[in-house]
2 protein chains.
Amino acid sequence: MRKVTMADVARLANVSKSTVSQYLNKRYEYMSEETKKRIAEAIEQLQYRPNVIARSLKQKSTATIGVIVFNILHMLTTQVLRAIEDMCQQHDFHVIVCNTDDDPEKERKYIDMLWAKQVDGFIIFPTGKNVDLYKKMIEARLPLVFVDRTVEGIDVDAVLLDNEGAVQLAVRYLVKQGYKHIGLVAPPFASHVIPRTERIHAFRHVLRAANLPIEEEWIVTEQVKRIPERLDALLRQNKLPEAIFAINDLTLMEVLTFVKKHQLSIPTDVALISIDDVPFASVYTPSLTTIAQPAFDMGKKAAERLFMQMDGETRPQMFRLAPKLIERDSAKKRGEKNEW
Amino acid sequence: MRKVTMADVARLANVSKSTVSQYLNKRYEYMSEETKKRIAEAIEQLQYRPNVIARSLKQKSTATIGVIVFNILHMLTTQVLRAIEDMCQQHDFHVIVCNTDDDPEKERKYIDMLWAKQVDGFIIFPTGKNVDLYKKMIEARLPLVFVDRTVEGIDVDAVLLDNEGAVQLAVRYLVKQGYKHIGLVAPPFASHVIPRTERIHAFRHVLRAANLPIEEEWIVTEQVKRIPERLDALLRQNKLPEAIFAINDLTLMEVLTFVKKHQLSIPTDVALISIDDVPFASVYTPSLTTIAQPAFDMGKKAAERLFMQMDGETRPQMFRLAPKLIERDSAKKRGEKNEW
DNA sequence: TTGTACGCGTTATCAG
DNA sequence: CTGATAACGCGTACAA
């Protein structure tokens, strides 16, 4: 059961390989109907499938891109990926997906391997720790788009959330609803994690601009699993802020764990808003007010830019996509009667 | 800036291509230190990266597998995928991911394209509608594993949830907690959707075995978006069952929407259990009792079987992985005081 | 309109 | 220990 090749088809159809090739590439302008039919029959009879690998070798294009993410289990990642895959589908491209778990070593290995595999481009959620490699990719003119994070000193297309805008949306909303004592909950500060850094930074910025007090105790940046106990401590001291802003879905979960444990009432005891529109936001009681990331748009944009790069030279650009406030009940006006 | 090839390295190192090739493949047994060094230097200087595509052509292996799923956005899919990717990472394999949206046409196209791309194997969540193609794949000895669903008449490795067991776990638990009037909520019946079919079927079976009444009105199989209204109707007629079994996460969401709308109290007004351990199960109030699918194990098993097939012949086998009851508060004993 | 011959970048074989 | 040379399967001038 040897693999059938073009030569086999040619032999059976009694023509040469090139004729078969022309046929496959629809260059039938000068081909007799008779020949076409014979080739078609031979292909059908032999169940011939062109070997794209061989073609790639010649044409220097694999119609495949590599997408390197931290963890496909994160909702944002999944959605971005889905959007990328949809775009690729339209261009008859395929997507190779790799998880780095935010480990620079894994990232390096994946980039090397996919590069060797001749992928036509990369969309990466960068760990930020392989600056030399990123530079080499750019030097080699490998189409490349960063998503979610950028890396200082790397001049490349990047598609990010407008984090400052997201924080503004959240904090201003809380303020408008009458909350003045606002806390933030985030994982530990890490300068290379752009969204986190920007959000925490913007938080201070926005509070200051609104003339609100910045209480350091209310800026909880902590290992995710230890967030509930940090909040516990605040509660014990009776120092819980009136409202909590969770900077992403992971931290939101911890806040909810805390809230549930103490049977606090939202938003009466503490109001709640978060970035990432979690799927259960509307069925939770009370329904959760969130700032949604335009995940699909981000994926779409990233893919678009990548295809533009593959089509020809473009200048690197940074795109900040707009977040969206989805108002529900968890941060309703202070003192206002809640209907749930 | 032409791509640098092995020939360039050979020229610079003053050896032949074959020697470079040997070097790369670590066949240095009879190679002089001197030569080794020269080659190493040339490679470094030229920043040479072997072209895996060319190698694949020769070796008939791409170290790449195709994974074809309905929709990467589903939690089960994401988790299975993550497990597959982890396994592949260990074998230095890559994963191409494709979404079919349960459309047989898309599925056919993807299989054809990936086949042409010479992937070394397939893991598929099959739509079930391309029987001829599946058969051709098997005929061609293409390593293949089905996940989540099987297809009648196709003799191939398949990794599935033990659906009957999952339903038993759910219903027996409800019964043990004192519930007798149990309803089921599911998307519309469709014979090729194995999990759904098996769960609905098993539900009747288990009820019968437990000598419980099978009330047709309580078996709600309906378009997901219309589920709440179906439940509304039951409620209006005062015919709501004591407990509801949602056969997956999607339907669970609809039940929760219904519950929230009417401000019903769980489990007092209606108890709730579902298949799929949604991420918010423990922070919801009350926390949700669920039947968890062993998604990671499923992915791992599928990948293992695929690698076994690639290693040599194996006999097709069906694997039924065990679900797990995660007891929380949404289906606590009828009449028992709840502490949330 | 079709066939010949060569190139794509690598590996395998076999001399030397 | 190293180097020619022939594949691998396909695309494409160029020749016929």
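By convention in this document, chain letters (A, B, ...) are assigned in the order of the sequence lines, proteins followed by strands, and residues within each chain are numbered from 1.
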- Is B:N25 near enough to C:dT11 that one of its side-chain N or O atoms lies under 4.0 angstrom from OP1 or OP2? yes

- Query: Can you tell me how far C1' of D:dG3 sits from CG of B:N14, to the nearest Å?
  - Reply: 13 Å

- Query: If only side-chain N and O atoms of B:K60 are considered, is one of them under 4.0 Å from the OP1 or OP2 phosphate oxygen of D:dG9?
  - Reply: yes

- Position toward the 5' end of DNA chain D (nearest nucleotide), B:K58 or B:V15: B:V15

- For B:I53 and C:dT10, give me the distance from atom CD1 to atom P, rounded to whole Å. 11 Å

- When you look at NZ of A:K135, are more than 12 heavy atoms from neighbouring residues, nucleotides or ligands closer to it than 6.0 Å? no

- Hey, which sits more toward the 5' end of DNA chain D by its nearest nucleotide, B:A54 or B:T19? B:T19

- Considering just the side-chain nitrogens and oxygens of A:S21, establish if one lies under 4.0 Å of OP1 or OP2 belonging to D:dG11. yes

- N/O (side chain, B:Y23) to phosphate O (OP1/OP2, C:dT10) under 4.0 Å: no

- Item | d(CD, B:Q59; C1', C:dT11) in whole Å | 7 Å

- Return no unless some side-chain N or O of A:S16 is found under 4.0 Å from OP1 or OP2 of C:dT2. no

- Task: Round to the nearest Å and state the distance from A:L57 atom CG to C:dC6 atom P.
- Result: 18 Å

- Message: I'd like to know if the side chain of B:D120 and the backbone of B:T62 have a donor-acceptor N/O pair within less than 3.5 Å.
- Response: yes

- Task: Name the nucleic acid region contacted by B:S56, choosing base, sugar-phosphate or nothing; use a 4.0 angstrom heavy-atom cut-off, strictly under.
- Result: nothing

- Assert yes or no for the condition that the ring centre distance of B:F146 to B:Y134 is strictly below 6.0 Å. yes

- Message: Output the rounded distance in Å from CG (A:L46) to P (D:dG9).
- Response: 14 Å

- Note on the structure: A:Q22 atom CD is separated from C:dT4 atom P, nearest whole Å, by 14 Å

- Message: Using a 3.5 Å distance criterion without hydrogens, assess whether the side chain of B:S56 forms a donor-acceptor pair with backbone atoms of B:V52.
- Response: yes

- Are the aromatic rings of B:F307 and B:F93 close, with centres under 6.0 Å apart? yes

- Query: Between C:dA12 and B:S18, is there an OP1 or OP2 to side-chain N/O distance shorter than 4.0 Å?
  - Reply: no

- Item | Check: D:dA4 base within 3.5 Å donor-acceptor of B:K17 side chain | no

- Task: Find the distance A:I39:CD1 to D:dC10:P and express it as a whole number of Å.
- Result: 14 Å

- Item | A:L24 CG to D:dC10 P, straight-line distance once rounded to whole Å | 8 Å

- When you check the phosphate oxygens OP1 and OP2 of C:dT2, does a side-chain N or O of A:S32 lie under 4.0 Å from one of them? yes

